[in-house]
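Here's the structure, in C-alpha cells; my notes come after.
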Amino acid sequence: MKRVLFITAHRLGDAVISLAALSAMMARYPQAYFTIVCGPAVCDLFRYMPRCERLIVMEKGPYNQHWLALWRDVVRYRWEAVVDLRASLVSYGVWSRARYKVRGGRQKGLKLAQHARALGVQSAHYPTLWLGAQEQAYAATLLPDEGVWLALAITAGTEHKIWPAESFATFARQMQARGFRPLLVYGPGEREARLAAPVRALLPNVLDIGGGQYSLAQVAALIARCSLFVGGDSGLMHLAAALNVPTLGLFGPSYASQYAPSGRWAEVLLAPGPEGEGDMAALKVENVQHAALALYERARAQ
C-alpha cells in the first residue's frame, strides 16, 4: 500500500492554508493513503479527510522531544512521499521515494503559492475542507435556512490586527438593518474571550458561537452555512474562505500579499497606510459595508 506522510502546521490559519498543498498531493498520489501530523488545535480539519489512514496529533514537548517521538513513530514505514511544511529533520530520517520540504521565512507571494512551488505544482490549488454529516446536521438546527447569516470574526492573532469594537458593532447593526443576521466567531481560551469582550458587550443580543463552546468541526459547519464572513487576518478568516463562504478579510498591520484568504469568493480590504503598516482604526465602516455587500451580491449572482 502506498503511503504519504504529511506534516503540517499547529496554528489554524497555517493549517488551513496547507490544505491546498494537501489537495495537490492527493491529486498527485491518487492511490495513496495519508498520515497527517498536526497540532491538537487543528486536528478537526482532517477528521473527515478521504484516504486519511492515520491522524497523528503532536503535542509540543520540552527540548523538541516531540520530533524525536514522531520519528520513532513513522520510521518503521516505507513512504511514497514525505511532505514537511514544518521544515523539520524528520523527513530526512525516514525511507521515502520523494521528499518535499517547505522552508519558513517571509517570501514573495501567497503562502499557498510558496507551497505549490516547493511541491513542483504548476498552479496552486485552493484549500479543500471536509465536513462531517453530524456537524452539518447540528449546524442546520442552530442556523436555519431562513436566515441570511453574517459571520463576524472579532479577534485576531495579535491585537493590532483587530478592527475596533465600535466599528464592528456599528457595521453589525447596519447589516442587520439590511436583513443580515450576525453571529460572533472567535477562538477558545481566556485571551480570545478578553479580546472578544468589547464587541460582545456592544452586541449582547447577537448569536455568539465563539470561546470554545463548539468544536472546530462544528464551527466550520456553522460558518459554512453563512452567506458572508467579515473579519481581520485570522485562522477563522482562512477557514471561511476554504469553505467557499464569501469572505472579506480586513488587513492593516499584516501582509495581504502573503496571507490573503484563498477561495472562490475571497477578497481583502486594506486599511489606510503602507502594506503591513495599515491602521485598523482608520478603516471606515462605510467602506467595509460597501465592499462586503458588493462581494455578497457578486457571489449571489453566480
Side-chain angles (χ1 to χ4, degrees), residues 13 142-144 146-187 191-211 219 222-241 243-254 256 259-261 263 265-273 275 277-301:
L142 193 61
L143 305 182
E146 59 265 23
V148 183
W149 297 99
L150 163 63
L152 300 177
I154 58 176
T155 65
T158 56
E159 296 188 26
H160 56 289
K161 294 181 182 180
I162 301 173
W163 202 29
E166 294 78 7
S167 298
F168 261 124
T170 301
F171 173 70
R173 295 188 191 106
Q174 291 180 357
M175 295 298 279
Q176 277 181 309
R178 291 177 172 269
F180 288 85
R181 300 180 67 179
L183 64 150
L184 307 181
V185 293
Y186 52 97
R191 176 187 176 276
E192 288 284 305
R194 174 178 59 81
L195 294 177
V199 179
R200 294 175 63 201
L202 292 170
L203 298 171
N205 298 319
V206 169
L207 180 61
D208 183 342
I209 65 168
V219 169
L222 289 165
I223 291 176
R225 295 189 62 80
C226 293
S227 300
L228 185 62
F229 178 102
V230 177
D233 178 16
S234 67
L236 290 169
M237 174 197 71
H238 290 290
L239 184 71
L243 291 165
N244 283 325
V245 174
T247 299
L248 180 65
L250 308 180
F251 278 74
S254 56
Y259 290 106
W265 300 110
E267 296 183 0
V268 299
L269 184 63
L270 303 179
E275 186 183 28
E277 301 176 18
D279 180 6
M280 294 296 284
L283 196 54
K284 295 182 178 180
V285 172
E286 54 265 35
N287 292 342
V288 175
Q289 181 178 329
H290 176 79
L293 289 173
L295 173 59
Y296 170 73
E297 293 297 338
R298 282 195 297 274
R300 215 176 121 185

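Separation of atoms OG1 (Thr155) and CZ (Phe168) is listed at 8.5 Å; rounding is to 0.5 Å. From Ile162, atom CD1 reaches atom OG of Ser167 across 12.5 Å, with rounding to the nearest 0.5 Å. Here the CZ-CG distance, from Phe171 to Leu203, works out to 11.5 Å after rounding to the nearest 0.5 Å. Distance CG/Leu202 to OG1/Thr170: 8.0 Å, rounded to 0.5 Å. Met280 contributes atom CE, which lies 8.0 Å from atom CH2 of Trp163 (distance to the nearest 0.5 angstrom). To the nearest 0.5 angstrom, Leu269 atom CG is 6.5 Å from Asn287 atom CG.
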Q: Starting from the C-alpha separation in whole Å, work towards a yes-or-no answer on side chain to side chain contact (heavy atoms under 4.5 Å, CB included) for Val230 and Leu250.
A: CA-CA 7 Å; Val230 177; Leu250 308 180; 4.0 Å; yes
**Q.** Residues Val206, Val199; criterion side chain to side chain contact (heavy atoms under 4.5 Å, CB included); working and verdict
**A.** CA-CA 10 Å; Val206 169; Val199 179; over 6 Å; no
Q: Determine, step by step, whether Met175 and Leu152 satisfy the side chain to side chain contact (heavy atoms under 4.5 Å, CB included) criterion, reporting the C-alpha distance in whole Å, the side-chain angles of both residues, the deciding distance to 0.1 Å, and the verdict.
A: CA-CA 11 Å; Met175 295 298 279; Leu152 300 177; over 6 Å; no
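Across all their heavy atoms, Gln176 and Pro182 have their closest contact at CG-CD, 3.3 Å. The minimum heavy-atom distance between Val268 and Pro261, with the atom names listed, is CG1-CD, 3.5 Å. In plain terms, the two heavy atoms of Tyr186 and Ala193 that are nearest each other are CE1-CA, 4.5 Å. Contact between Ala196 and Ile154 at its shortest, heavy atoms only, is CB-CD1, 3.6 Å. Ala292 and Leu248 get closest at one heavy-atom pair: N-CD2, 3.8 Å. Nearest approach of Ala260 to His238, heavy atoms of both residues: O-CE1, 3.7 Å.
Here the side chains of Arg178 and Leu293 are in contact, with some heavy-atom distance below 4.5 Å.
Salt-bridge formation is detected for the pair Arg194/Glu159: a Lys NZ or Arg NE/NH1/NH2 atom is positioned less than 4.0 Å from an Asp or Glu carboxylate oxygen.
Trp149 contributes a side-chain N or O that, together with a main-chain N or O of Pro144, makes up a donor-acceptor pair within less than 3.5 Å.
Exactly one residue among Leu143, Val185, Leu184 makes a side chain to side chain contact (heavy atoms under 4.5 Å, CB included) with Leu207. That residue is Leu143.
Taking a 6.0 Å sphere around NE2 of His290, one finds it holds 12 or fewer heavy atoms contributed by other residues, nucleotides or ligands.
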